[in-house]
Asks: 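Before anything else, here's the structure in question.
Reckoned from all heavy atoms, side chains included, excluding hydrogens, waters and symmetry mates. Keep in mind that this is a model prediction, so the values were computed, not measured.
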Amino acid sequence: MSKIPLANGRPDTPESQALEAKARWKRNFIISLIGLTVGGGLIALLEFFTLDASIDKNFALHLLGDGFGLAGILGFGFFALGFIASQGAFAILSYSIKLVFLNVFAPKYRQESFPKTYYDYKVKKDHEGRKAIYPLMLLSLIYLAIGIILIVIYANL
């Protein structure tokens, strides 16, 4: 790699790329943690207000198990869709939707930087190197495991 500064003023070195990857991992980890926690909390609240709490003395354990477990399942599903999308499975759909919106709202899109053909769009997207969100997978599996453990404990009480 050359040491010529990029537009942001930093050289494109392996060290800077490693630091950027580490920062991206931390950012995605925090966002995934917050998202899964909020999702699990919303699931537990929905269940709390829809079920009758007087039927069970371990109702809180039931709520936590379902909240963690369902948040883990949904998070892993979002990761799977993101992973499939990062491999280019939805590229034609993305291209066609962008093309429709550009035709409707920006009739002179052909003079802009949007690729003229789907092949050009696909080559550009493959060159950009889309990344899957692996912290989401890790946290989803952890939440799913916690949910399974809590449900097993609840079932054995």
Asks: Let's go through Phe78 and Ser140 carefully: what are the C-alpha distance in whole Å and the side-chain angles of both, what is the deciding distance for side-chain contact (heavy atoms from CB on, under 4.5 Å) to 0.1 Å, and is it a yes or a no?
Replies: CA-CA 10 Å; Phe78 284 125; Ser140 296; over 6 Å; no
Asks: I need the single residue from Leu150, Ile148, Leu144 that forms a side-chain contact (heavy atoms from CB on, under 4.5 Å) with Ile146. Which is it?
Replies: Leu150
Asks: Take Ser96 and Tyr118, measure what side-chain hydrogen bond (donor to acceptor under 3.5 Å, both in side chains) needs, and give me the verdict at the end.
Replies: CA-CA 9 Å; Ser96 61; Tyr118 171 67; over 6 Å; no
Asks: How close do Pro135 and Ser32 get, counting heavy atoms only, and between which atoms?
Replies: C-OG, 4.2 Å
Asks: Could you give the distance from CZ (Arg27) to CD1 (Ile133), rounded to the nearest 0.5 Å?
Replies: 10.0 Å
Asks: Can you name the residues that form a ring pair (Phe, Tyr, Trp, His ring centres under 6.0 Å) with Phe105, not counting sequence neighbours?
Replies: Phe101
Asks: Determine the minimum heavy-atom distance between Glu47 and Phe59, stating which atoms define it.
Replies: O-CZ, 4.2 Å
Asks: Honestly curious: do Ile142 and Phe29 fall in one hydrophobic cluster under the side-chain, below-4.5 Å linking rule?
Replies: yes
Asks: Using the rule that Ile, Leu, Val, Met, Phe, Trp and Tyr join whenever any side-chain heavy atoms are under 4.5 Å apart, tell me whether Ile92 and Ile97 fall into a single cluster.
Replies: no
Asks: Could you see if Leu141 belongs to whatever hydrophobic cluster contains Ile43? Use Ile, Leu, Val, Met, Phe, Trp, Tyr and a side-chain cutoff under 4.5 Å.
Replies: no
Asks: Just by modelled atom types, is the Phe83 backbone N or O under 3.5 Å from a matching donor or acceptor in the Ser86 side chain?
Replies: yes
Asks: Please determine whether side-chain contact (heavy atoms from CB on, under 4.5 Å) holds for the pair Leu33 and Tyr143, giving the CA-CA distance in whole Å, both sets of side-chain angles, and the decisive distance to 0.1 Å.
Replies: CA-CA 10 Å; Leu33 181 66; Tyr143 271 53; 3.7 Å; yes
Asks: Is Leu70 reachable from Leu45 through a run of I, L, V, M, F, W or Y residues, each pair having side-chain heavy atoms under 4.5 Å apart?
Replies: no
Asks: For the residue pair Met137 and Phe76, what are the closest heavy atoms and their distance?
Replies: CG-CE1, 3.7 Å
Asks: Under 4.5 Å between side-chain heavy atoms, chaining through other members, with only Ile, Leu, Val, Met, Phe, Trp and Tyr counted: pull out the rest of the cluster around Ile34, sorted by chain and number.
Replies: Ile30, Val38, Leu42
Asks: Nearest heavy-atom pair of Ala71 and Leu36: which atoms, and what distance?
Replies: O-CD2, 3.2 Å
Asks: Any chance you could pull the hydrophobic cluster mates of Ile84, using side-chain heavy atoms under 4.5 angstrom and chaining through other members?
Replies: Leu81, Phe90
Asks: Would you please indicate if the ring centroids of Tyr134 and Phe79 are separated by under 6.0 Å?
Replies: yes
Asks: Could you tell me whether Lys122 and Asp126 make a salt bridge, using a distance below 4.0 angstrom between a side-chain N and a carboxylate O?
Replies: yes
Asks: Can you find a pair of side-chain heavy atoms, one from Leu157 and one from Leu61, that are under 4.5 Å apart?
Replies: yes
Asks: Spell out, yes or no, whether Leu74 and Leu63 are grouped together once hydrophobic residues are joined by side-chain heavy atoms under 4.5 Å, including indirect joins.
Replies: no
Asks: His62 and Ile151: which non-hydrogen atoms are nearest, and at how many Å?
Replies: O-CD1, 4.3 Å
Asks: Do you know which two heavy atoms are closest between Tyr95 and Lys116, and how far apart they sit?
Replies: OH-O, 3.5 Å
